[in-house]
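To keep things clear, I will list the structure first and then write my remarks on it.
Every chain is numbered from 1, with letters handed out A, B, ... down the list of sequences.
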2 protein chains.
Amino acid sequence: MHNTDRSIGEAAAHLGLPESTLRYYEKKGLLPHLPRDEGGRRVFTEFHMTLLQVISNLKRTHMPLGSIRQYVEWVVEGEHTTPLRLDMMLRHRQNVLDEITAMHEALDGIQIKINRYEDRVRGWQQLSSDKPDQAAESSRTDSAS
Amino acid sequence: MHNTDRSIGEAAAHLGLPESTLRYYEKKGLLPHLPRDEGGRRVFTEFHMTLLQVISNLKRTHMPLGSIRQYVEWVVEGEHTTPLRLDMMLRHRQNVLDEITAMHEALDGIQIKINRYEDRVRGWQQLSSDKPDQAAESSRTDSAS
DNA sequence: GCTTGACTTCAACCATGGTTGAAGTTCTAA
DNA sequence: TTAGAACTTCAACCATGGTTGAAGTCAAGC
């Protein structure tokens, strides 16, 4: 019983996650060997809190729970799985970098729409200051959006 | 019947999506007023192909189909919805930028693991070239991963 | 001793984003 | 004219990632 141990409520509050999610993670194998106290309550050790930080990083980069579980199993198996973990992380990093690139490309397309809409709204403002009190049909520049 | 019109099969091939997904998108309201030919088959006009490009950009940046549908409805409603669309796109852009930032932060954590694993593997290689044919218990440096 | 709050289990339910299968229709080319 | 490809509809199914609710246990404070 380390002083750093946490109840599920404390762990949840610390991580900003609902307790139900932490139970779900345990059920899914993301929290191996999670101890219980005399009353059968989950005890979140420092190890598990650190692990949850790692899980958070993997989740924020869209790794599916199944892969995270595989990773955790390798951690439990010991250091001889280091090459497997390294390979997994290298691949994952590349996937994430590719995904970020794709998002930037998509953002470029979105930015074009933003520019078009801003121009259009500016055009209206211009019009209404030229000829106050006139609801005008605007310049026809719509394509597919 | 423009020469640029496409059958669902052609559209799917062009976009790299299964036909079933295009039917699903129509059902979900992402492809408004999609015409049919005499035989009742879907006709993908240039407008719809362009719209699908926009949809692709929004999807790649994780906008849910429900929001995309709202956007498409505004497009159909006409130019007076421009401020709504502009607002939606500005918010969305910010969300995406935040998400990318979060992913970069998570990647930093992942990079630390990669470095640790690479060091460990290098350590082993060092060891095995110093003392060939010796399976060694490595330096104890495991924390939570 | 009794309520309150925090915990437990387990199964059922939910939203999202499709995918699949069955059964029927229509166009195309030999 | 007939086989096959390509299309249609619709409902059912699937994986993912949780969320919720019912029913029960347990320790602490009044």
Side-chain angles (χ1 to χ4, degrees), chain A residues 1 5-31 33-45 48 51-52 54-72 92 95-96 99 102-103 106, chain B residues 1 5-31 33-45 48 51-52 54-72 92 95-96 99 102-103 106:
Chain A
M1 42 185 75
D5 288 350
R6 289 175 156 93
S7 72
I8 194 171
E10 291 162 348
H14 185 80
L15 296 161
L17 288 174
E19 300 175 9
S20 57
T21 298
L22 294 177
R23 295 194 190 98
Y24 176 73
Y25 284 179
E26 189 195 19
K27 192 167 71 176
K28 286 291 171 176
L30 304 195
L31 300 173
H33 310 311
L34 189 73
R36 306 298 182 106
D37 66 12
E38 325 73 46
R41 277 167 244 140
R42 291 168 182 80
V43 175
F44 287 76
T45 68
H48 290 97
L51 188 54
L52 280 164
V54 176
I55 290 171
S56 164
N57 282 335
L58 296 176
K59 274 191 56 59
R60 285 201 293 169
T61 50
H62 307 141
M63 183 180 284
L65 294 192
S67 307
I68 297 177
R69 179 198 173 137
Q70 170 68 276
Y71 171 76
V72 168
H92 181 58
N95 289 343
V96 175
E99 191 182 343
M103 290 178 82
Chain B
M1 41 183 77
D5 289 350
R6 291 173 154 94
S7 73
I8 193 172
E10 291 162 347
H14 185 80
L15 297 161
L17 287 174
E19 301 175 9
S20 56
T21 298
L22 295 177
R23 295 194 190 97
Y24 176 73
Y25 284 178
E26 190 195 17
K27 191 167 71 177
K28 287 290 173 176
L30 305 196
L31 300 172
H33 310 311
L34 189 73
R36 305 299 180 104
D37 67 11
E38 324 72 46
R41 274 167 245 142
R42 291 168 181 80
V43 175
F44 287 77
T45 67
H48 290 97
L51 188 53
L52 280 164
V54 177
I55 290 171
S56 163
N57 283 335
L58 296 176
K59 274 191 56 58
R60 285 200 292 168
T61 49
H62 308 141
M63 184 181 283
L65 294 192
S67 306
I68 297 178
R69 179 196 174 138
Q70 170 67 277
Y71 171 75
V72 168
H92 181 58
N95 289 344
V96 175
E99 190 183 343
M103 290 178 83

Has R42(B) got a side-chain N or O lying under 4.0 Å from the OP1 or OP2 atom of dT8(D)? yes

Separation of dG17(D) P from M63(A) CE (nearest whole Å): 11 Å

Rounded to whole Å, the CD-C1' distance (E38(B) to dA6(D)) equals 15 Å

Give one of base, sugar-phosphate or nothing for K59(A), where a contact means two heavy atoms less than 4.0 Å apart. sugar-phosphate

Check whether any side-chain heavy atom of L31(A) sits under 4.5 Å from a side-chain heavy atom of L52(A), and report yes or no. yes

Please report the distance, rounded to the nearest Å, between CG in D37(B) and P in dT25(C). 17 Å

Where along residues 18-25 of chain A does a heavy atom come under 4.0 Å from DNA chain C, residue by residue in number order? E19(A), R23(A)

Round to a whole Å and report the spacing from NE2 of H62(B) to C1' of dT16(D). 14 Å

For DNA chain C, whose closest nucleotide is more 5', that of K28(B) or that of V43(A)? V43(A)

Let me know the distance between CD1 of I55(A) and P of dT16(D), rounded to the nearest Å. 17 Å

Can you measure E10(B) atom CD to dA5(D) atom C1' for me and round it to whole angstrom units? 14 Å

By nearest-heavy-atom nucleotide on DNA chain C, the more 5' of K27(A) and R41(A) is R41(A)

Value for CZ (R69(B)) from CD1 (I55(B)), rounded to nearest 0.5 Å, stands at 12.0 Å

Take atom CG of L34(A) and atom P of dT9(C), then tell me their distance rounded to the nearest Å. 10 Å

Would you check if R36(B) and R41(B) make a side-chain contact, meaning some heavy-atom pair closer than 4.5 Å? no

E26(B) has an atom CD; how far is it from atom C1' of dG17(C), in whole Å? 17 Å

Nearest 0.5 angstrom please: E26(A) CD to L34(A) CG, how far? 4.5 Å

Applying a 4.0 Å non-hydrogen cut-off, can you work out what G39(A) is touching in the nucleic acid: base, sugar-phosphate, or nothing? nothing

dist Y24(A):OH -> L30(A):CG (nearest 0.5 Å) comes out at 8.5 Å

Going from CZ on R23(B) to CD1 on I8(B), what distance comes out if it is rounded to the nearest 0.5 angstrom? 4.0 Å

Point-to-point distance, once rounded to the nearest 0.5 Å, from NE2 of H92(A) to OH of Y71(A): 11.0 Å

